[in-house]
> 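Encoded as C-alpha cells, here's the structure I'll be asking about.
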Amino acid sequence: MRTTFFVFVMSSSVSAFGADPFADRVVEYEPGAGVTAPYNVPTMALGSPERFTGEGVFPSAVTPFNPPFNPDEIVSIGAGGWLTVAFDEPVVNDPLNPFGIDLLIFGNAFFIDASYPDGVALGLFGGSRAGRVEVSPDGNEWRDIFGVQPVGMFPNMGYADITDPYSLVAGALPTDFTKPVNPAFDPFGKTYAELVSGYAGSGGGVGIDLASTGFAAISYVRISNAGGMFSIDAISDVAPVPTPGVPLMLGCAGALMARRRRPYRDSPRREGR
Ligand SMILES: [Ca+2]
Ligand SMILES: [Ca+2]
Ligand SMILES: [Ca+2]
C-alpha cells in the first residue's frame, strides 16, 4: 500500500510543481555506423519535441507526415549505436497515466501519404526495426521494454488545429507532448482530419508502459540500435490524468513529502522493487 501511495504523490509532484517532463541529461552516446555531423549531437534529444521544423531550409509544421528533420532538432543512432538519457524527476509507473503509458519517445518516423497532399495515412516510413529500449532507476540495473521499437507509432504532431498536413505555418493550438495517443487508434486509411481527431490533442510518440519491468519508477532510458538508422527528437514523461474528487491539498502535501524523500534521485544504490 505504501508503494501505491508513493506512486500517487510522486506523479502529483510533477503537475503541482510544474517540473520539466522531458529528458534532462545525456549520459552516454555512441553514434553507431553511418552517423555523421551534424546529426551526431546527443543533446538534441533533450527538452521538448519540435512543433515546427525545417527553419532556414523548408519551414513547416511538424505533422505525422512531416517529422522534424533539422540537425538542431534530432540526433541519429546508427547500427551499433546507443543513446542514454536521464530525467531529473523520476518517471513513475503511474496507474493514473492514460492507457498505462508512462513514457513517450519522439522520433522521425512519418506516415506515407496515400493521397498527397491531402494526408491519408498509408503506412509508416522510417520506423526502427532493430531498435531496443531499456530503462533503469539508477543507471546500473537495466531492464528491457519488450515488444516496443523506439521510433514508430505514433509519428509526432505539433499542433491540433492544422488542417494541411504540409502546412508552412505554425498552428495556434499546441498538442500535448505528455499525453499518449490511444494505442487502440488505427491511423491507416484515415484522412488528416480523422488523424487529428484520433490523436485527441496528443503530440504522438511511442508509448512505453513501465509495468512489465517491475520498476516503480525509472530515471534513465537507453535507446540502442542493431541495424539501420533512426533519429530521436525527445523523450517525455507522461502526465497522469487527475482523479476527480481527490482534494488538491492532499496532492500538494504528498508532493512535499515525496520531494523530501527523493528516494531515486539521491539513492543510486536503491533499486526499484
Ligand atoms: Ca524547429
Ligand atoms: Ca504504466
Ligand atoms: Ca529535439
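Atoms within each ligand, like the ligands themselves, are counted from 1 in listed order. Everything numeric in this text was worked out from a predicted model, so none of it was measured.
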> Can you tell me the N, O or S atom of E50 that's nearest the Ca ion (ligand 1)?
OE1
> Roughly, to 10 degrees, what angle do E73 atom OE2 and F52 atom O form around the Ca ion (ligand 1)?
90°
> With side-chain hydrogen bond (donor to acceptor under 3.5 Å, both in side chains) as the test, would you mind laying out the steps for T175 and R51 before giving the verdict?
CA-CA 9 Å; T175 54; R51 300 189 188 281; 3.2 Å; yes
> So which N/O/S atom does D102 have closest to the Ca ion (ligand 2)?
OD2
> Please evaluate residues F154 and Y199 with respect to the criterion side chain to side chain contact (heavy atoms under 4.5 Å, CB included), reporting the C-alpha separation (whole Å), side-chain torsions for both, the decisive distance (0.1 Å), and the verdict.
CA-CA 9 Å; F154 289 89; Y199 272 54; 3.3 Å; yes
> Of all N, O or S atoms in D209, identify the one at the shortest distance from the Ca ion (ligand 2).
OD1
> Is the distance from the Ca ion (ligand 2) to the nearest N/O/S atom of N93 under 3.0 Å?
yes
> For the pair F125 and F110, evaluate ring pair (Phe, Tyr, Trp, His ring centres under 6.0 Å) and give the outcome as yes or no after the intermediate values.
CA-CA 5 Å; F125 188 89; F110 61 93; 5.1 Å; yes
> Can you name the N, O or S atom of E55 that is closest to the Ca ion (ligand 1)?
OE2
> Apply ring pair (Phe, Tyr, Trp, His ring centres under 6.0 Å) to Y116 and Y166, showing your working.
CA-CA 10 Å; Y116 181 84; Y166 306 94; 5.0 Å; yes
> Is there a side-chain contact between D102 and D237, using heavy atoms and a 4.5 Å cut-off?
no
> Return yes when at least one N/O/S atom of M44 is nearer than 3.0 Å to the Ca ion (ligand 3), and no when none is.
yes
> Any N/O/S atom, backbone or side chain, of G100 lying under 3.0 Å from the Ca ion (ligand 2)?
yes
> Could you walk me through whether Q149 and R132 satisfy the side chain to side chain contact (heavy atoms under 4.5 Å, CB included) test, starting with their C-alpha distance in whole Å, then the side-chain angles of each, then the deciding distance to 0.1 Å, before giving a yes or no?
CA-CA 6 Å; Q149 284 293 326; R132 179 182 182 186; over 6 Å; no
